[in-house]
Amino acid sequence: MARGGRRWPRRPSPGRMVAAVLAGLSLLSLLTCGYLAWGSRRGGAGEAPGNLLGEEPAAGAPRSQPHIIFILADDQGFRDVGYHGSEIRTPTLDKLAAEGVKLENYYVQPMCTPSRSQLITGKYQIHTGLQHSIIRPTQPNCLPLDNVTLPQKLKEVGYSTHMVGKWHLGFYRRECMPTQRGFDSFFGSLLGSGDYYTHFKCDSPGICGYDLYENDNAAWDHDNGIYSTQMYTQKVQQILASHNPRKPIFLYIAYQAVHSPLQAPGRYFEHYRSINNINRRRYAAMLACLDEAINNVTLALRKYGYYENSIIIYSSDNGGQPMAGGSNWPLRGSKGTYWEGGIRAVGFVHSPLLKNKGSVCKELVHITDWFPTLITLAEGQIDEDIQLDGYDVWETISEGRRSPRVDILHNIDPIYTKAKNGSWAAGYGIWNTAIQSAIRVNHWKLLTGNPGYSDWVPPQAFSNAGPNRWHNERVSWSAGKTVWLFNITADPYERVDLSARHPEVVKQLLRRLSQFNKTAVPVRYPPKDPRSNPKLNGGVWGPWFKEDEKKKKSDKSKGANKQKKSKNKKKANQKKGQSFHCRSRLAAQGTLTL
C-alpha cells in the first residue's frame, strides 16, 4: 500500500521503516455527546419534529461496524470556532469537540476540490492528476474513474452510503456523478458554490444554471426557497429516520456553509449586529446557523438510535478567506495558499467509541488519513495495489498513540504561475524553485515558488477602518525569494524563515520533493467545453458529455469497409498485438533524518 519510495511506517505495511517521528502542530477534536437544546426555536437549521432530547430507543446490542458521519464545512477559518477564541458563538462545535478529541495538528488542502478528492481517495493530488486549482463547472473533468472511492469500499462491507451537500469533484459525464462513485443516494449541489436559496450559479456572464440534485436528476421539486444549510439538515434527518440503525450507515454531509456568497436567514444576525464589517457579520450569521444545524444532526442521531455506535468527524475543507469574512488568525495566509492559514484546519472526532474522550491530539494528521482509518474501522480491506498516501490514525486519535505519519506533501503544482526569480540554482540543482510546492517533514516545512497571499490578518482587520489598521502585519518580500523553511513546531505562525540558516535541511526537503514528483501523474486541467452551458441542458448544470453519434456511425462504416477489404487476408495478419505498460515505481530511497 505504501507509495513507491516511502519509508514511513504504515499500519498495513509494517515492514516499512521510519526515520524520525514528528512532534508538531495541532488540530483534531473528537466529538462525544454535547448537544445543546435550541429551545423551541422555529424554522431552525433543520429541526426535526418531536422531542429530540427523548430517550434513545432500545435497538439491541450495537453492531461492531460503527455508523460513520463525516461533516465537512466549507471555507471555515482556523480561528472561526469558539474553542479557538472566536467572537462567533459555536456552542455545539465547542461541546462536541470538548467531549471528543480535538485535532490540533490537522491538515487539509487549500481549496475545495483538492481536499474532497483526497478525502474520498486517500491519495495526494499528484496521484490523481488534480494537482492544479479546482474543477471548474465548464471543464470536462472529474475525479478519475479508475480511483476507488471511500463509499465504494464501505459498500463492499455492507454499509448504506449517502451524501448530502456539495460534491465538487466533476460531473461532465454521468459516470462522474456521486451515485456512480459509491453513494446509494445523493442530495445536493455539483458545483463549488451557488445561491443558498435559489441554487443558481453563474460561472460567467450568460453561463448560468440550476444546481440542486437528487440522485442523478435536477431536484426541481425541492426548490422551495429553503436556505441550503437547513434544507440539507432536513434531508439528513429524513435519511436517519428511514434507515435501520442496526445496519451500518456512512453519511457524508458536505455543507455549503460558510462559502460565499455570504447569505443567512435574518434571525441568525441577532447576536452579531455589533460586528461593523458587513462580510464578517454575515459570515458569523452563517456559522451560527451551521452550528445549530450540526446540533440538530446530532440530536437526530440520538433520537433514531445511531449515536451510541457512531463516529462523528468534523472538518473544514480549507482555511478561511478574510475578504469573505473568514479568519485564520494567528496563522499566516488564507484559503488558496500553502501557508498555515490555508491548510491547517478546524477538526475533531466525537464518539462514544473513543477511549480518550475529552483530549487534544497534537499528532500529525492529514485529510488523506480518513480513507484507510474509516475503512479499517468498518472492517473493510485495503488492497496493496491501491497505493494510498493516507495512514490509519484511529489509535492515534482514540488512544493517544504516536502518529504513523511523519510527512505531508502539501502539493506540487507544475502549471501554477511560476515564480519569476525561481531557478534550479536556487534549488541547489535539486529542484526548480520557480515551481509552486510545499512539503512538511517532522518539524520542518518547506515552500517553493509562489506560495500565495502571505499576510497575517488580525481580528481588528474586520473593522470598517480597513487595511490601514493592520498594515504592520503585511509582508515585504525579499527580492528574488523563492524558498522558505520553517520549524512549524517552534514557529507555527511562520514568522522566522530559516532557509539561509539551515541549507542542509533545505536540500533534504528538496530531495524529498523530487522523489514525490517522480511518482506524479500528468495534470488534468482541460479547457472549457462550450457544450457545458446549462442553456443546452434544460437550464441545469449537469452531465453534458455524450459520444458523437455521427462519429459512431462513421466508425461503424469504416469498420464494415475494412472487413470487406481484408476478407481474403490470413487470420494472422488480421490480429494485432497489444502491449500494456505498467507505471514504473520509484525505487526505495534513503529516509530523511531531520
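Here the structure is a predicted model, which means the values were calculated and not measured.
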| Closest approach of Asn215 and Met177, non-hydrogen atoms and distance? | O-CE, 4.0 Å
| said: Could you work out, with salt bridge (Lys or Arg N to Asp or Glu O under 4.0 Å) as the rule, every residue matching Lys507, not counting sequence neighbours? | reply: Glu504
| How would you list, by chain and number, every residue that makes a salt bridge (Lys or Arg N to Asp or Glu O under 4.0 Å) with Lys155, sequence neighbours excluded? | Asp184
| remark: Sorted by chain and residue number, the salt bridge (Lys or Arg N to Asp or Glu O under 4.0 Å) partners of Asp75 (sequence neighbours excluded) come out as Lys335
| query | His168: what forms a ring-ring contact (aromatic ring centres under 6.0 Å, His included) with it, not counting sequence neighbours? | reply | none
| request: Look only at the side chain of Asp211 and the backbone of Trp541, and say whether a donor-acceptor pair between them is shorter than 3.5 Å. | output: no
| query | Do any N or O atoms from the side chain of Thr161 and from the backbone of Gly182 form a donor-acceptor pair under 3.5 angstrom? | reply | yes
| Set of residues satisfying side chain to side chain contact (heavy atoms under 4.5 Å, CB included) with respect to Ser315, sequence neighbours excluded | Phe70, Leu72, Tyr106, Val108
| request: Could you list all the salt bridge (charged side-chain N to carboxylate O under 4.0 Å, His left out) pairs where at least one residue sits in residues 107-119, not counting sequence neighbours? | output: Asp74-Arg116, Arg116-Asp317
| message | Can a donor-acceptor pair be found, under 3.5 Å and without considering hydrogens, that links the side chain of Asn487 to the backbone of Asp491? | response | no
| request: May I ask you to establish whether Lys481 and Trp484 are in a cation-pi arrangement, using a distance under 6.0 Å from NZ or CZ to the six-membered ring centre and at most 45° from the ring axis? | output: yes
| query | Hey, would you say the Phe200 and Tyr210 ring centroids sit under 6.0 Å apart? | reply | yes
| query | Do any N or O atoms from the side chain of Asn533 and from the backbone of Lys535 form a donor-acceptor pair under 3.5 angstrom? | reply | yes
| query | Do Gln76 and Tyr255 get their side chains close enough for a donor-acceptor pair, meaning under 3.5 Å? | reply | no
| request: Verify side-chain hydrogen bond (donor to acceptor under 3.5 Å, both in side chains) between Lys201 and Ser193, making sure each step is shown before the conclusion. | output: CA-CA 7 Å; Lys201 165 71 175 181; Ser193 64; 3.0 Å; yes
| said: Do Leu409 and Ile126 have side chains that approach each other closer than 4.5 Å (heavy atoms only, starting at C-beta)? | reply: yes
| query | Without hydrogens or angle criteria, can the side chains of Ser115 and Asn318 be said to hold a donor-acceptor pair below 3.5 Å? | reply | no
| message | When you measure from the side chain of Asp413 to the backbone of Ile415, do you find a donor-acceptor pair of N or O atoms at a distance under 3.5 Å? | response | yes
| Those residues that, when tested against Cys112, pass disulfide (SG to SG under 2.5 Å) (two or more places apart) | none
| request: Find out whether Leu150 and Phe250 are in side-chain contact, i.e. whether some heavy atom of one side chain is under 4.5 Å from a heavy atom of the other. | output: yes
| request: Identify the two heavy atoms, one from Asn279 and one from Met323, that lie closest to each other, and give their separation to 0.1 Å. | output: ND2-O, 3.1 Å
| said: If you define the side chain from C-beta out and look only at heavy atoms, does anything of Leu388 sit under 4.5 Å from Phe371? | reply: yes
| Can you say whether the rings of Tyr252 and Phe183 are parallel (under 30°), tilted (30 to 60°) or perpendicular (over 60°)? | parallel
| Residue from Thr396, Asp389, Asp392, Asp369 passing side chain to side chain donor-acceptor pair (under 3.5 Å) with Arg405 | Asp369
| So, does Thr433 use its side chain to make a donor-acceptor pair with the main chain of Ser423 at under 3.5 Å? | yes
| request: Go through the structure and list residues passing ring-ring contact (aromatic ring centres under 6.0 Å, His included) with His162, not counting sequence neighbours. | output: none
| message | Tell me if the NZ atom of Lys418 is crowded by more than 12 foreign heavy atoms within 6.0 Å. | response | yes
| Do side-chain atoms of Arg332 reach the backbone of Glu494 as a donor and acceptor pair under 3.5 angstrom? | yes
| Got Asn517 and Ser514 here, is their nearest side-chain heavy-atom distance under 4.5 Å? | no
| said: Pair Thr448, Ser437 - check side-chain hydrogen bond (donor to acceptor under 3.5 Å, both in side chains), show working. | reply: CA-CA 5 Å; Thr448 72; Ser437 67; 2.5 Å; yes
| field | Basic-acidic side-chain contact under 4.0 Å: Lys445, Glu340 | value | yes
| Ring centre gap for Tyr525 and His132 strictly below 6.0 Å | yes
| message | Strictly distance-based, threshold 3.5 Å: is any side-chain N or O of Lys153 a donor or acceptor partner for the main-chain N or O of Gln381? | response | yes
| With a cut-off of under 6.0 Å to the ring centre and 45° to the axis, is Arg173 in cation-pi contact with Phe171? | no
| message | So, using ring-ring contact (aromatic ring centres under 6.0 Å, His included) as the criterion, who are the partners of Tyr416 when residues are at least two apart? | response | none
| request: Locate the shortest heavy-atom distance separating His199 from Ser228; write the atom from each residue and the value. | output: CE1-CB, 4.3 Å
| So, for Trp544 and Gln139, which heavy atoms are closest and what is the spacing to 0.1 Å? | CH2-O, 3.2 Å
| said: Surrounding CD of Glu175 (heavy atoms of other residues, nucleotides or ligands, distance under 6.0 Å), is the total greater than 12? | reply: yes
| message | When you measure from the side chain of Gln131 to the backbone of Val521, do you find a donor-acceptor pair of N or O atoms at a distance under 3.5 Å? | response | yes
| task | State whether Asp407 and Arg512 are salt-bridged, where the test is any N-O pair (Lys NZ or Arg NE/NH1/NH2 against Asp/Glu carboxylate O) under 4.0 Å. | result | yes
| Heavy-atom closest contact (Ile134 atom, Pro114 atom, distance) | CG2-CD, 4.2 Å
| said: Suppose we screen for ring-ring contact (aromatic ring centres under 6.0 Å, His included). Which residues come up paired with Tyr428, at least two apart in sequence or across chains? | reply: none
| request: Determine the minimum heavy-atom distance between Ser403 and Val393, stating which atoms define it. | output: OG-CG1, 4.3 Å
| Those residues that, when tested against Thr149, pass side-chain hydrogen bond (donor to acceptor under 3.5 Å, both in side chains) (two or more places apart) | Gln152
| So, does Arg174 use its side chain to make a donor-acceptor pair with the main chain of Phe545 at under 3.5 Å? | no
| request: List in chain and number order the residues that pass salt bridge (Lys or Arg N to Asp or Glu O under 4.0 Å) with Asp195, two or more places apart in sequence or in another chain; answer none if no residue qualifies. | output: none
| request: Compute whether any side-chain donor of one residue and acceptor of the other, for His127 and Gln118, lie under 3.5 angstrom apart. | output: no
| said: What I'd like to find out is whether the side chain of Tyr391 reaches to under 4.5 Å of the side chain of Thr368, using heavy atoms alone. | reply: no
